[in-house]
Amino acid sequence: MNYEDVMKLALERGFYFPSCEVYADAHAGFWEYGPSGVGLKNKFLELWRRELVRRDGMLEIDGSQIMSKSVFEASGHLGNFADPIIKCTKCNSTFRADRTIAEIAQVEIPESADLNEFDNAISQNNIKCPKCKGDFDKTKKFNMMFKVGIGPQEEEAYLRPETCQSIFVDFPRLFKTMRGKLPLGIAQVGKSFRNEIAPRQSLLRLREFYQAEIEVFCNPKKLQEVENFLEIEKIVIRVQIDSEPVSMTCKEAVESGIIPNKFVAYYLGILTEFYEKTGVDISKSRFRKLGDKEKAFYAEVAFDFEVETTIGWLELVACNYRSDYDLSSHSTKSKEKFEVMDNDEKVLPHVFEISMGIDRSLYTILEHSLKDDKEHERIVLSLKPYLAPIHVGILSLVKKDGLKEKTDEIFLHIKRKFDVFLDHSGAIGRRYRRLDEIGAPFAITIDHQTLEDETVTIRRRDSMEQTRIDVNEVDSILSESVAFP
RNA sequence: GCGGAGUUAGUUUAGUCUGGUAUGACGUCAGCUUCCCAAGCUGAAGGCCGCGGGUUCAAAUCCCGCACUCCGCACCA
């Protein structure tokens, strides 16, 4: 199913929809999750915690979304996150100053250079607008961060453009108080904010979005010593260095030098394992190694985890080896000590980052799970049972003859244990279809026989098969079936 | 931000050229019927026709501006 099918489902079934939609001044790039979307998101994050955070005893924090100016001076976002842009006075087209100058005049000016340098280069080389030959206005900086004013003096602060800065600035306290030992993973889920020029495609490019980030602090001398590497060495990952992704085990990737060390390979391995469990089609995934021009300003080695969808390859996770870029800049700026002891050695840890885009991941899960079952004339959202917003529908075959009352009774018994949807109205087939569309893996139907012998039928979403079970078994069967793997 | 195409009920859609406040389908709700896979019947709710302005006796329809959505370019540390 394609982008439009997913969009239709999202709007009709309460997965997500535009923010502030009743007002005409609603801005682009802001979307809300409805009940089904929240259910899916919460379960996705629970899986993330199980598969990545708890697996290695990482620490999870929840930091502020508004952070002080100093944080972003140190992180480099105030300097580097801003692009030098030039605007044509005639047609209003906007271009990156450094790239346009490089293209037309073959003059390389670093993007962090003083704005005058761009203006001088433009006038010296007589650079005109590539579209309409108009003159350019003076170079300006466009910063992607949202600035906010704190208190009555409106002191300068920013909405964080990535969640990880709190992890870096909290690192000294966490390491000391949480009995930290390298390698130490610190994780965070939360909102980040970027003032995108052209937000588009609903959840895929937002101005306010969720990230799940993990920063692993490590001793850079020990990148080949990974205790748990055996656990993942046989996991097959798809790595793209040149034009085509190649499948290989984590072990092969390290031995061939395609992945620089066991440390990085380990995380690419567990990340693959995680996404496999979300229901994303791993055969359509790749870790794409980024070239020097594509990498973020802080990254030494970078792999993007990308997944193919009907609208192309989507970047779901950025895996960056950030070296000591962050800790050393925060250390210099704040004068706080960020070095820690690793056994007898004092080290400024390096950082490997797994920066996950949650919204994009949820979209991909929806697209890869949504099936058009033509044979049975139905749309089925084949979510993994543990990710389904609704685990089970509780249905009365008909309302009369006391079946409604019996159904309500069974519903009351399990409604606090599972995500349950009670439905009495309309034809039974229609109710099954409705459950199929929101991805409920099971339906329990109460019929006349239930009143006689306390048995119900359980229907499975994907196969549409039904079996009769004892009412007393419902709890245990569901518990087992919707449990996280 | 530039260029193009759009925006009508929860979803989808007719009507726009040729001005007279809107059509169908699906969905939703209630009732009847049926009683295990979108059946049928009856009824109902649901629309500032994206927002604002202009022209006109009269605007979903014509004109202008804006917003949003999608596509292409650019951007995506």
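Below, read A as the first sequence line, B as the second, and so on, with proteins coming before strands; counting in each chain starts at 1.
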#### Entry: Minimum heavy-atom distance between Q211(A) and P161(A), given as atom pair plus value
OE1-O, 4.4 Å
### Over all atoms of both residues, closest heavy-atom pair of L268(A) and C319(A)
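So the minimum-distance heavy-atom pair works out to CD2-SG, 3.8 Å.
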Mind checking the [atom1] distance from [N] to [M]? Whole angstroms is fine.
| N | M | atom1 | value |
| --- | --- | --- | --- |
| rG24(B) | rU8(B) | C1' | 13 Å |
| rG27(B) | rC66(B) | C1' | 33 Å |
| rU23(B) | rA9(B) | C1' | 12 Å |
| rA58(B) | rG72(B) | C1' | 41 Å |
| rC17(B) | rU12(B) | C1' | 24 Å |
| rA30(B) | rG46(B) | C1' | 15 Å |
| rC62(B) | rU55(B) | C1' | 8 Å |
| rU16(B) | rC49(B) | C1' | 11 Å |

Could you let me know what [N] is paired to, Watson-Crick or G-U wobble, both distances under 3.5 Å, or none if it's on its own?
| N | result |
| --- | --- |
| rA60(B) | none |
| rG43(B) | rC29(B) |
| rC73(B) | rG1(B) |
| rC51(B) | rG65(B) |
| rC17(B) | none |
| rU23(B) | none |

Minimum-distance nucleotide to [X] side chain [options: [options]]:
| X | options | result |
| --- | --- | --- |
| Q466(A) | rA39(B), rC36(B), rU11(B) | rC36(B) |
| K8(A) | rU11(B), rU34(B), rA30(B) | rU11(B) |
| R205(A) | rG10(B), rC75(B), rA39(B) | rC75(B) |
| R430(A) | rU11(B), rU28(B), rC37(B) | rU28(B) |

Nearest whole angstrom, please: distance from the [atom2] of [N] to the [atom1] of [X].
| X | N | atom1 | atom2 | value |
| --- | --- | --- | --- | --- |
| Y432(A) | rA38(B) | OH | P | 11 Å |
| N143(A) | rG1(B) | CG | P | 17 Å |
| D5(A) | rC26(B) | CG | P | 20 Å |
| E315(A) | rC76(B) | CD | C1' | 9 Å |
| L314(A) | rC76(B) | CG | C1' | 13 Å |
| K400(A) | rC32(B) | NZ | P | 9 Å |
| I311(A) | rC71(B) | CD1 | C1' | 12 Å |
| E465(A) | rC36(B) | CD | C1' | 14 Å |

### Task
For this output row, return yes or no: ring centroids of F209(A) and F30(A) closer than 6.0 angstrom.
no
### Query
Does the ring center of F217(A) lie less than 6.0 Å from the ring center of F171(A)?
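Yes: the rings meet the under 6.0 Å criterion.
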### Query
In terms of side-chain geometry, is the basic nitrogen of R322(A) or E300(A) positioned less than 4.0 Å from the acidic oxygen of its partner?
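A salt bridge is absent here (no side-chain N lies under 4.0 Å from a carboxylate O).
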### Query
Could D373(A) and R433(A) be called an ion pair, given the rule that one side-chain N must be under 4.0 Å from one carboxylate O?
no
### Query
How would you label the contact of E437(A) with the nucleic acid (heavy atoms, under 4.0 Å): base, sugar-phosphate, or nothing?
base
### Task
Under 4.0 Å between any heavy atoms, over every strand shown, what does K399(A) touch: base, sugar-phosphate, or nothing? Just pick one.
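Contact class for K399(A): sugar-phosphate only.
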## Note on the structure
Note: for I197(A) and E21(A) on RNA chain B, the residue whose nearest nucleotide lies more 5' is I197(A)
Is the backbone N or O of [Y] less than 3.5 Å from a side-chain atom of [X], with the two atoms forming a donor-acceptor pair by type?
| X | Y | answer |
| --- | --- | --- |
| T332(A) | S328(A) | yes |
| S123(A) | N120(A) | yes |
| R238(A) | S285(A) | yes |

Detail all sub-3.5 Å separations between protein N/O atoms and N/O atoms belonging to nucleotides 65-70 of chain B.
residue, atom, partner, partner atom, Å
rA67(B), O2', A24(A), O, 2.9
rA67(B), O2', A26(A), O, 3.3
rC68(B), OP1, A28(A), N, 3.0
rC70(B), OP1, Y3(A), OH, 3.0
rC70(B), OP1, Q201(A), N, 2.9
rC70(B), OP1, S202(A), N, 3.2
rC70(B), OP2, Q201(A), N, 3.4

### Query
Near RNA chain B, which residues from residues 360-369 of chain A have a heavy atom under 4.0 Å away?
none
### Check: E196(A) side chain, rC76(B) base, donor-acceptor under 3.5 Å
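No pair found.
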### Summary
When R459(A), R461(A), R13(A) are each screened for salt bridge (Lys or Arg N to Asp or Glu O under 4.0 Å) with D436(A), the one that passes is R459(A)
### Summary
Those residues at least two apart in sequence (or on a different chain) that pass ring-ring contact (aromatic ring centres under 6.0 Å, His included) with H391(A) are none
### Criterion ring-ring contact (aromatic ring centres under 6.0 Å, His included) on Y158(A) and F146(A), from CA distance to verdict
CA-CA 6 Å; Y158(A) 294 88; F146(A) 287 103; over 10 Å; no
